[in-house]
Amino acid sequence: MSQPAPLSHAPAADTAEYNAFFPSPYSLSLYTSPHTDFDGGDYPQPYRGDGKVLVIASDERYLKMANGKLFSTGNHPVETLLPLLHLHRAGFAIEIATLSGNAAKLEHWAMPHADTAVQDFYQQLLPQLQAPRKLADVLPQLGNSTAPYLALFIPGGHAALNGLPFSRDLKQALHWAIQHERFVISLCHGPAGLLAAAVDEADDNFLFSGYSLCVFPDAIDAGANLDIGYMPGPMPWLLAAKLQQLGMTVLNEGISGQCHRDRLLLTGDSPLASNALGRLAANALLEKYGH
């Protein structure tokens with residue numbers, strides 16, 4: 001019997017855009033799965049209040065790499081949906097915003113299509129993902145401590161490196177969250193959004209200086225992700241290095257599903273952390289805000 005042809009390590013062309021590429025078939029065989037490790041999200045005493053989790057998602061599809069090629073990316077679906085599914089089952093309402101008010105982009109090539117719980121929740125969120133609020137329109141609600149948002153959630157996915165780190169609107173939301181003791185939740189490349197807090201600030205005045213976190217490792221983005229064709233070129237800049245430059249401590253060297261809480265900042269290292277971060281966040285919000 002003939003052996004199947006080996007999967008290609010070459011990034012696959014995204015014919016919807018010039019010079020754009022999806023991850024290689026080989027890399028997707030390593031990094032994606034039709035199922036997640038969702039553990040059921042059982043919260044016997046869920047939250048009963050009116051508080052919400054504000055999701056600040058990327059509305060950008062393409063990330064321009066250092067060689068000029070475009071990486072066809074978005075918000076990673078597992079890193080987006082699995083933490084939110086835990087928060088939803090714990091009783092917290094979800095509200096989605098993007099910088100522009102345009103649709104949130106998902107990496108559908110990483111969607112766990114055979115995971116019924118995640119797919120059902122995706123369909124529930126789809127109207128908001130397609131027609132999110134514009135973040136600037138949310139900001140007037142953040143004028144005081146009575147705003148309904150109990151946490152900000154920035155999903156992972158390489159698209160987070162596009163507009164989020166440079167957004168003054170996101171900066172205002174992050175400063176509001178820390179000032180009013182709200183949670184900030186993120187994972188993988190999502191902590192690129194934390195860099196918005198540094199816009200127009202001196203490096204030694206970064207809001208999250210002195211915090212520790214988990215984030216996707218630069219060593220993988222600069223090494224294995226290129227070797228296996230996950231990305232069509234080198235990163236335009238390295239996320240963990242930038243966070244460290246601004247005074248944060250990166251705890252993880254690899255990706256194992258590690259999560260971490262530092263004060264009200266909750267982070268995870270990769271898609272492998274999605275379920276654990278969701279449970280960590282749900283339990284933390286329940287502990288702080290009651291049932």
* Salt bridge or not for E17 and R61, using N-O below 4.0 Å? ->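 Not counted as a salt bridge, because no side-chain N and carboxylate O are separated by less than 4.0 Å.
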* Does a side-chain N-to-carboxylate-O contact under 4.0 Å join E60 and K105? ->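 Looking at E60 and K105, the cut-off is not met.
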Hydrogens and angles aside, do [X] and [Y] bring a side-chain donor and acceptor to less than 3.5 Å of each other?
{"X": "S212", "Y": "D262", "value": "yes"}
{"X": "E107", "Y": "T73", "value": "yes"}
{"X": "H260", "Y": "D269", "value": "no"}
{"X": "S27", "Y": "H9", "value": "no"}
{"X": "D221", "Y": "H189", "value": "yes"}

Shortest non-hydrogen separation from [X] to [Y] and the atoms involved:
{"X": "G41", "Y": "D39", "result": "N-OD1, 3.2 Å"}
{"X": "A160", "Y": "P165", "result": "O-CD, 3.2 Å"}
{"X": "L272", "Y": "I255", "result": "CD1-O, 3.7 Å"}
{"X": "A273", "Y": "L187", "result": "C-CD1, 4.4 Å"}
{"X": "P23", "Y": "L28", "result": "CB-CD2, 3.8 Å"}
{"X": "E79", "Y": "S270", "result": "OE2-C, 3.7 Å"}

When rounded to the nearest 0.5 angstrom, what is the spacing between [atom1] in [X] and [atom2] in [Y]?
{"X": "L280", "Y": "L266", "atom1": "CG", "atom2": "CG", "result": "5.0 Å"}
{"X": "I94", "Y": "L54", "atom1": "CD1", "atom2": "CG", "result": "10.0 Å"}
{"X": "M65", "Y": "N19", "atom1": "CE", "atom2": "CG", "result": "12.0 Å"}
{"X": "L85", "Y": "T80", "atom1": "CG", "atom2": "OG1", "result": "12.5 Å"}
{"X": "I220", "Y": "M231", "atom1": "CD1", "atom2": "CE", "result": "10.5 Å"}
{"X": "K288", "Y": "L286", "atom1": "NZ", "atom2": "CG", "result": "13.0 Å"}

Shared hydrophobic cluster for [X] and [Y] (ILVMFWY, side-chain gaps under 4.5 Å):
{"X": "L239", "Y": "Y62", "value": "no"}
{"X": "I185", "Y": "L125", "value": "yes"}
{"X": "Y289", "Y": "I178", "value": "no"}
{"X": "F183", "Y": "F208", "value": "no"}
{"X": "V118", "Y": "Y43", "value": "yes"}

* Does K69 make a cation-pi contact with F21 (under 6.0 Å, within 45 degrees of the axis)? -> yes
* Is the charged tip of R182 near the ring of Y149: under 6.0 Å from the six-membered ring centre and within 45° of its axis? -> no
Are [X] and [Y] side-chain neighbours, meaning at least one heavy-atom pair lies under 4.5 Å?
{"X": "I228", "Y": "Y31", "result": "yes"}
{"X": "Q258", "Y": "L251", "result": "yes"}
{"X": "T116", "Y": "F121", "result": "no"}
{"X": "I56", "Y": "L164", "result": "yes"}
{"X": "F71", "Y": "L161", "result": "no"}
{"X": "H175", "Y": "Q172", "result": "no"}
{"X": "E95", "Y": "V55", "result": "no"}
{"X": "K64", "Y": "P236", "result": "no"}

Is a side-chain N or O of [X] found less than 3.5 angstrom from the main chain of [Y], in a donor-acceptor match?
{"X": "S8", "Y": "P25", "answer": "no"}
{"X": "S167", "Y": "G163", "answer": "no"}
{"X": "D218", "Y": "A241", "answer": "yes"}
{"X": "D59", "Y": "A104", "answer": "no"}
{"X": "S72", "Y": "F22", "answer": "no"}
{"X": "N252", "Y": "V215", "answer": "yes"}

For atom [atom1] of [X], decide whether the heavy atoms of other residues, nucleotides or ligands shown that lie under 6.0 angstrom number more than 12.
{"X": "D50", "atom1": "CG", "value": "no"}
{"X": "R168", "atom1": "CZ", "value": "no"}
{"X": "Y26", "atom1": "OH", "value": "no"}
{"X": "Q244", "atom1": "CD", "value": "yes"}

* **Parallel, tilted or perpendicular: ring planes of W176 versus H180, cut at 30 and 60 degrees** =>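 It falls in the tilted class, 30° to 60°.
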* If the plane angle is over 60° it's perpendicular, under 30° parallel, otherwise tilted; pick one for H158 and Y230. => tilted
* Dump the intermediate steps for side-chain contact (heavy atoms from CB on, under 4.5 Å) on L106 and Y122, then the final yes or no. => CA-CA 11 Å; L106 292 181; Y122 168 60; 3.6 Å; yes
* Pair R133-I96, side-chain contact (heavy atoms from CB on, under 4.5 Å): steps then yes or no -> CA-CA 6 Å; R133 297 191 66 186; I96 299 175; over 6 Å; no
* From C188, P112, P83, residue fulfilling side chain to side chain contact (heavy atoms under 4.5 Å, CB included) relative to V78 -> P112
* Go through the steps to decide whether L194 and V184 satisfy the test side-chain contact (heavy atoms from CB on, under 4.5 Å), and finish with yes or no. => CA-CA 9 Å; L194 303 181; V184 177; 3.9 Å; yes
* Using the side-chain contact (heavy atoms from CB on, under 4.5 Å) rule, take K52 and F92 through it: C-alpha gap first, then chi angles, then the decisive distance, then the call. => CA-CA 6 Å; K52 303 176 182 180; F92 298 98; over 6 Å; no
